[in-house]
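Notes follow once the structure below has been shown.
Bear in mind the structure is a predicted one, so any value in this text is a computation, not a measurement.
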Amino acid sequence: MAAAAALARLEQKQPKARGPTSQESIRNQVRKELRAEATVSGSTEAPGTNMVPEPREEGSAHLAVPGVCFTCPLTGATLRKDQRDAHIKEAILSHFSTDPVAASIMKIHTFNRDRDKVKLGVDTIAKYLDNICLHPEEEKYRKIKLQNKVFQERINCLEGTHEFFEAIGFQKALLPVPDQEGPEEFYVLSEAAVAEPQSLQRHKDQLLVAEPVRATLARQRRVFRPSPMASQFDLPGDFFNLTAEEIKREQRLRSEAVERLSVLRTKAMREREEQRELRKYTYTLLRVRLPDGCLLQGTFYARERVGALYAFVREALQSDWLPFDLLASGGQKLSEEDSLAFNECGLVPSALLTFSWDAAVLDDIRAAGAEPNSSILKPELLATIEKLS
């Protein structure tokens, strides 16, 4: 309706124009409006186009970062995306030789992807252990029939559960079953384990509170000398949910359609489209320009909160107790307490921000006859400084 009204107004302004001439005047008017809006927002591109840097192949000499990497919490190893799962599984399996209980718990929570099934299985195991602890004299609670329907449907289907039972003191045994000819296989808790109910309780609590072992995103912190190329980012394909070919194709289609769509889109529609574009990114590469011109760079999840960047910068500062501000392009101040994610702030798939000390605190320091430390970053970080190429 808004588009129709706009078309009607434009046609009323030029009543003599007909056919292609009238359409051309409409397009010219729309172009003017889009340029004016882009100028106000500080961008030379039409709002809604959201042009992105073209992804480069890994191994390129000029990549801003080699790729997205992760850190294994068990070994500390740095891993590529395609190495994460295999490495973590291997690390968990190797842990059985030193702590089989902890290893089996990690296996249950990590190897099984269906979290609902894991919770149901874990809760059932916890119920078995609760019955043993609550009724230590009842022998029937120390035996678990392996062919029992509940055991088969909730526990046997999960990787790691058998290792857990054996690690906490259960042993397999063939036992006779009343009104049945042949024996059946049971898990039977050993006398030694029965004598230590506090250990069973501890193992149960560990099982209930455990979480999957996941590799954490490596920040890949780098420090660069002052450079006029600070705002230029050549990103590897890891930073894009789409492949390089898909991105090129989508940009081409968007460029072809932008003129046709521009006369039909309201500002709200363009903003919604921009938000859809931002959700395509999983990671973002952020650089912070310090007062001395040096650049601090790190990798983040696109959905991480702004506070994560503040913490990252603070860890690198020599005077980490001094409050500071981070400014996005156009001077927009990012609040550390703000719950906005990077993709909600438009800081994806890369962005350059500016660091400044809190002005009021700086005035107080100078009023006391002192100056903030001229060396902003910690010495060990300055020792690794690189040239941005």
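When the side chain to side chain contact (heavy atoms under 4.5 Å, CB included) test is applied to Asp338, the partners found at least two apart in sequence or on another chain are Ser335, Leu340. In terms of the salt bridge (charged side-chain N to carboxylate O under 4.0 Å, His left out) criterion, Glu137 has no residue partners (sequence neighbours excluded). Residues passing the ring-ring contact (aromatic ring centres under 6.0 Å, His included) test with Phe355 are Phe324, Trp357, sequence neighbours excluded. Scored by the side chain to side chain contact (heavy atoms under 4.5 Å, CB included) test, Asp205 finds Gln201 as partners (sequence neighbours excluded). Residues that satisfy the side chain to side chain contact (heavy atoms under 4.5 Å, CB included) test with Gln180, not counting sequence neighbours, are Val177, Glu184. Scanning for side chain to side chain contact (heavy atoms under 4.5 Å, CB included) contacts around Glu138 gives His135, Lys140, Tyr141, with sequence neighbours left out. When the salt bridge (charged side-chain N to carboxylate O under 4.0 Å, His left out) test is applied to Arg202, no partner is found at least two apart in sequence or on another chain.
Phe111 carries Lys89 over the face of its six-membered ring, with the cationic atom under 6.0 Å from the centre and within 45° of the normal.
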Can you check salt bridge (charged side-chain N to carboxylate O under 4.0 Å, His left out) on Arg113 and Glu159, steps first, answer last?
CA-CA 10 Å; Arg113 295 291 184 179; Glu159 290 189 65; over 6 Å; no

Lys107/Thr161 under side-chain contact (heavy atoms from CB on, under 4.5 Å): CA gap, chis, key distance, verdict:
CA-CA 8 Å; Lys107 185 173 182 180; Thr161 51; over 6 Å; no

Starting from the C-alpha separation in whole Å, work towards a yes-or-no answer on side-chain contact (heavy atoms from CB on, under 4.5 Å) for Thr110 and Ile92.
CA-CA 9 Å; Thr110 308; Ile92 291 174; 3.8 Å; yes

Please evaluate residues Tyr310 and Leu326 with respect to the criterion side-chain contact (heavy atoms from CB on, under 4.5 Å), reporting the C-alpha separation (whole Å), side-chain torsions for both, the decisive distance (0.1 Å), and the verdict.
CA-CA 8 Å; Tyr310 271 87; Leu326 294 176; 3.9 Å; yes

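Judged as a side-chain hydrogen bond (donor to acceptor under 3.5 Å, both in side chains), the pairs with a partner in residues 122-133 (not counting sequence neighbours) are, in order, Lys119-Asp123, Thr124-Arg154, Asp130-Lys204. Screening residues 211-220 for side-chain hydrogen bond (donor to acceptor under 3.5 Å, both in side chains), with sequence neighbours left out, gives Arg219-Glu304. Residue pairs that meet the ring pair (Phe, Tyr, Trp, His ring centres under 6.0 Å) test with at least one member in residues 173-208, sequence neighbours left out, are His162-Tyr187, Phe165-Tyr187.
Contact record, Leu235 with Pro349: CD1-O, 3.7 Å, taken as the closest heavy-atom pair. The two residues Ala215 and Ile88 come nearest to each other via the heavy atoms N-CD1, 3.4 Å. Between Ser97 and Ser94 the shortest heavy-atom distance is OG-O, 3.0 Å. A pairwise comparison of heavy atoms in Ser231 and Arg287 identifies N-NH1, 4.5 Å as the closest pair.
By the 4.5 Å heavy-atom criterion applied to side chains, Ile168 and Leu200 are counted as neighbours. Side-chain contact between Asn112 and Lys117: absent, with no pair of heavy atoms (C-beta onward) separated by less than 4.5 Å. Looking at heavy atoms from C-beta onward, Leu309 lies out of side-chain contact with Leu347 at the 4.5 angstrom threshold. In this structure the side chain of Arg115 reaches within 4.5 angstrom of the side chain of Pro212, judged on heavy atoms. Looking only at side-chain heavy atoms (C-beta outward), Ile155 and Ile144 stay at 4.5 Å or farther from each other. Using a 4.5 Å cut-off on side-chain heavy atoms (C-beta onward), Val188 and Gln171 make no contact. A 4.5 Å side-chain heavy-atom check between Leu296 and Val313 finds at least one atom pair inside the cut-off. With contacts defined as side-chain heavy-atom distances shorter than 4.5 Å, the pair Leu120/Asp116 does not qualify.
Under the 4.5 Å side-chain contact rule for hydrophobic residues, Leu158 and Met106 do not share a cluster. Taking hydrophobic clusters as Ile, Leu, Val, Met, Phe, Trp and Tyr residues chained together by side-chain heavy-atom distances below 4.5 Å, Val209 does not share a cluster with Val101.
Ring-centre distance between Phe300 and Tyr283: not below the 6.0 Å cut-off.
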Only distances under 3.5 Å count here; give the side-chain donor-acceptor pairs of residues 69-76 to other protein atoms, sequence neighbours excluded, each with its distance to 0.1 Å.
from: Thr75; atom 1: OG1; to: Ala77; atom 2: N; distance (Å): 3.2
from: Thr75; atom 1: OG1; to: His87; atom 2: NE2; distance (Å): 2.8

Would you tabulate the side-chain donor-acceptor contacts of residues 380-387 under 3.5 Å, counting partners in other chains and residues two or more places apart, or write 'none'?
from: Thr384; atom 1: OG1; to: Leu381; atom 2: O; distance (Å): 2.7
from: Glu386; atom 1: OE1; to: Arg222; atom 2: NH2; distance (Å): 2.7
from: Glu386; atom 1: OE2; to: Arg222; atom 2: NE; distance (Å): 3.0

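Checking Thr299, Asp238, Asp234 one by one against Val65, the side-chain contact (heavy atoms from CB on, under 4.5 Å) holds for a single residue, Thr299.
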